[in-house]
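Here's the structure we're looking at; comments come further down.
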Amino acid sequence: MAHTYDPTNIFARILRGEIPNKTVMESAHTLAFHDINPAAATHLLVIPKGPYVTYDHFAAEASAEEIVDFHRTLAALCASLGLTPGAGYRVITNAGEHGMQEVPHFHMHLIAGRVLGRLVERE
Ligand code: AMP
């Protein structure tokens with residue numbers, strides 16, 4: 001099934017400048033900003049500027065330039081925040097209902113600042 005992008009989602013509105021955000025880093029195709037409800041001392045969201053719903057949508061349909069820009073921005077953030085080499089971090093992306101994705105614009109959570117516990121709760 002094809003991905004349908006909802007241009008009214010909150011990150012699309014941030015990208016259009018309709019609502020404010022706390023930007024940490026911006027490049028040609030990528031924006032990184034503070035999560036409004038941080039789960040740790042460092043909790044940033046890294047998003048492509050293009051209209052992609054999920055990780056797989058982005059990986060399948062974004063241009064090579066967008067994909068490289070996204071990952072290089074994330075790496076630059078890790079370096080600028082001193083997370084690596086260092087105490088480390090976690091990168092998470094949620095997709096769809098089972099992934100419990102709230103905002104249907106692909107994003108990576110970059111979380112750091114404490115030991116983050118196990119990745120997924122066991123049933
Ligand atoms: P997810 O569940 O992976 O879709 O995560 C969505 C994230 O977006 C959550 O961690 C929210 O706290 C965050 N969020 C929602 N609205 C905003 C906003 N206006 N600015 C920054 N972060 C937001």
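Because the structure is a prediction, the values reported are computed rather than measured. First listed ligand is number 1; within each ligand, the first listed atom is number 1.
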Parallel, tilted or perpendicular: rings of Tyr5 and His105 (30°, 60°): perpendicular
Sub-4.0 Å atoms of ligand 1 with respect to non-hydrogen atoms of Met100: 2 (O)
Residues, nucleotides or ligands: over 12 heavy atoms within 6.0 Å of Tyr89 OH: no
Protein contact to atom 1 (P) of ligand 1 [nearest heavy atom, distance to 0.1 Å]: His107 NE2, 3.2 Å
His109 touching ligand 1 at heavy-atom level, < 4.0 angstrom: yes
Polar side-chain atom of Ser80 near backbone of Leu77 as donor-acceptor pair, under 3.5 Å: yes
Minimum non-hydrogen distance to atom 16 (N) of ligand 1, winning option of Leu44, Ile10, Ile92, Asn9: Ile10
Polar atom proximity, Val103 to ligand 1 (N or O, under 3.5 Å): yes
Under-4.0 Å heavy-atom contact with ligand 1, by part of His34 that carries it: backbone
Contact (N/O only, under 3.5 Å) between Gln101 and ligand 1: no
Closest non-hydrogen atom pair, Leu15 against Pro48: CD1-O, 3.9 Å
Aromatic plane relationship, His57 with Tyr52 - under 30° parallel, 30 to 60° tilted, over 60° perpendicular: perpendicular
Closest protein heavy atom to atom 4 (O) of ligand 1, given as residue, atom name and distance to 0.1 Å: Glu102 N, 2.7 Å
Side chain, backbone, both or neither: the part of Asn21 lying under 4.0 Å from ligand 1 by heavy atom: neither
Residue Asn37 vicinity, atoms of ligand 1 by number, heavy atom under 4.0 Å: 12 (O)
For atom 10 (O) of ligand 1, the option (of Asn94, Ile111, Asp35) bearing the nearest heavy atom: Asp35
Salt-bridge present (Lys49, Glu66; N to O < 4.0 Å): no
Side-chain donor/acceptor of Glu18 to backbone N/O of Arg13, under 3.5 Å: no
Atom indices of ligand 1 within 4.0 angstrom of Phe33 heavy atoms, with elements: 21 (C)
Heavy-atom donor-acceptor pair, Arg90 side chain to His109 backbone, under 3.5 Å: no
Selection from Ile36, Ile14, Ile47 by shortest heavy-atom distance to atom 23 (C) of ligand 1: Ile36
Phe70 and Tyr55: CA distance, side-chain angles, deciding distance, ring pair (Phe, Tyr, Trp, His ring centres under 6.0 Å) verdict: CA-CA 11 Å; Phe70 181 87; Tyr55 166 76; 8.7 Å; no
Which segment of Phe11 sits under 4.0 Å of ligand 1 when only heavy atoms are counted: side chain
